[in-house]
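Have a look at the structure below before the remarks.
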Amino acid sequence: GPEELRFDGRVVIVTGAGAGLGRAYALLFGSRGASVVVNDLGGGRHGDGSSTKSADAVVDEIKKNGGKAVANYDSVLDGAKIVKTAIDTFGRIDVVVNNAGILRDRSFAKMSEEDWDLVQNVHLKGAFKTTQAAWPYLVKQRYGRIIMTASNSGLYGNFGQANYAAAKMGLVGLANTLSIEGQGRNINTNVIIPTAASRLTENILPPELLEQLKPELIAPVVVWLCHEKCTENGSIIESATGWAGKSHLVSSSGSALRQDPSDKVTPEDVERRWSAITDMSSVKRFDTIEEKTAQLVTQIEKVQSENSAPQEPDLFKHTY
Ligand code: NAI
C-alpha cells in the first residue's frame, strides 16, 4: 500500500481541540508524529466560562499514545499567544487548523448584538488572529498548511443562524484570499465543511444520524489536506459520515441586457431577460477572479462585435 502519511518534525496548531472535531484532528495528527498544540479555552457551547480540563485531557491522550503535545488555554482571539506556545515549545509552526467555535442561535428578529459579535469574534476574527500570527513563520520557511472551518449553514443558510452563517462564509472569503497570497510560497489554505456529532449538534440532529457522524471519520480528510504531499489550495472540501467531496460556487451564462454598447439599460430590460439571467441549466465554474474578469471583458467584446454585424444578435433570439 501507499507510504504512511507522517508529520514527523511538523508542528500543528488545532484550535478548539479539547472536544469534538478538533479533538479528533489533534489525536490523529499526534498519532502521525506531529507535535500538536492543543488549544482550547474550555468554555461552554455559547462561549461562556473557561477551563483547562478539556485541552489537558487531549494532551494526556496524545502523550499516552506516544505522541508529542502541549496545551494552550487562550482564546483564539489571542491567536498570537497560541502561536507563541508553538514556537516556545516546539520551535516552529507548520500547520494551523482553525476549528474553535461556538453557537448563539436565535431567529434574526431576536438576535442581539452580543449574539452577533461573540460568534463573529470566535469564528472569523479568531481565525484571522491565529492565522495572522503564524503567517510570518510560514512565509519565512516557505511552507504552511491552513484550514478554515466553514459550514453548510454558511453555504446554504440555516434558520436561526444568521450570525454563524455570516461568519462561516466570511471564513470562505478569508481562505480564498489567503490561498492567493500563499501561492508560490507553498502555503496552502483550504476550507473544511464538516458535519459531525458533537455538542454543537447533539440536540439538533436525530440520534440515529449522530451515530454515523463521528468526528473520527472527518479527521483523515483534514489531516490529508495538511500534509506536505497535498497540493490542494483554495478549495472547499466537505466531509461527513465517511465521505468527502469538493464544493464550488457556479455562475449562470447570464444574458446581455442591451444590444448596443451605447444603449442604456432599464429595469424593464432586466425584467424581460430575468429567466435567461437566472437560468442555471448550463452553469460555469470560475476558479479565479481573473477568469471572472475575463468573462466580463468577453461580454463587452461580444456586444461590440454584434453591434457591428448587420444581423440580429444571437443572444437576443433565445431571450424571447
Ligand atoms: P465543539 O463544541 O465540540 O468544539 C468546539 C471547541 O471550541 C470547544 O471545545 C470549545 O471549548 C472551543 N472553543 C470555543 N470558543 C473558543 C475560543 N474562543 N478559543 C479557543 N477555543 C474555543 O464543536 P464541533 O462540532 O467539534 O465544532 C468544531 C468546528 O466545526 C466549529 O468551528 C464548528 O462551527 C464547525 N462545524 C461543526 C459542524 C458539526 O456538524 N459539528 C458543522 C459545521 C461546522
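As the structure lists them, so they are numbered: ligands from 1, and atoms in each ligand from 1.
- Short contacts between ligand 1 and Val122, defined as distances under 4.0 Å to a heavy atom of the residue, involve ligand atoms 15 (N), 18 (N).
- Heavy-atom separations between Gly42 and ligand 1 include at least one value shorter than 4.0 Å.
- For Leu77, the closest heavy-atom approach to ligand 1 does not fall below 4.0 Å.
- With a 6.0 Å radius and a threshold of 12 heavy atoms from other residues, nucleotides or ligands, Glu271 has its CD atom at or below the threshold.
- Residue contacts with ligand 1 for Leu21 involve both N, CA, C or O and side-chain atoms from C-beta outward (heavy atoms, distance under 4.0 Å).
- Each of Arg6, Arg145, Arg10 was checked for a salt bridge (Lys or Arg N to Asp or Glu O under 4.0 Å) with Glu228, and the lone residue meeting it is Arg10.
- Note on Val172: it clusters hydrophobically with Leu124, by side-chain heavy-atom contacts below 4.5 Å among ILVMFWY residues.
- Using a 4.0 Å heavy-atom cutoff, Gly43 is listed among the residues neighbouring ligand 1.
- At most 12 heavy atoms of other shown residues, nucleotides or ligands fall within 6.0 angstrom of atom CH2 in Trp274.
- The nearest heavy-atom contact from the protein to atom 33 (C) of ligand 1 is Tyr164 OH, 3.5 Å.
- Taking the side chain as every heavy atom from C-beta outward, Asp56 and Tyr73 approach each other to under 4.5 Å.
- Remark: the backbone N or O of Glu232 is paired with a side-chain donor or acceptor of Asn190 at under 3.5 angstrom.
- Residue-ligand proximity, Gly20 to ligand 1, at heavy-atom distances under 4.0 Å covers atoms 3 (O), 26 (O).
- Relative to atom 31 (C) of ligand 1, the option among Asn99, Thr149, Ile193, Val58 with the closest non-hydrogen atom is Asn99.
- For atom 25 (O) of ligand 1, the nearest protein heavy atom (residue, atom name, distance) is Ser198 OG, 2.4 Å.
- Of all the listed residues (Val76, Leu41, Thr130, Asp74), Leu41 holds the heavy atom that lies closest to atom 16 (C) of ligand 1.
- By the 4.0 Å heavy-atom criterion, Arg45 is excluded from the residues contacting ligand 1.
- Only backbone heavy atoms of Ala150 (N, CA, C or O) come within less than 4.0 Å of ligand 1; its side chain stays farther off.
- Listed by number with element, the atoms of ligand 1 under 4.0 Å from a non-hydrogen atom of Asn39 are 20 (C), 21 (N).
- Atoms of ligand 1 lying under 4.0 Å from any heavy atom of Thr195, numbered from 1 in the order shown and given with element: 40 (O).
- Nearest to atom 38 (C) of ligand 1 among the protein's heavy atoms is Pro194 O, 3.8 Å.
- Checked by distance only, ligand 1 and Ile102 stay at 3.5 Å or farther apart across all their nitrogen or oxygen atoms.
- The closest approach between a heavy atom of Lys168 and any atom of ligand 1 is below 4.0 Å.
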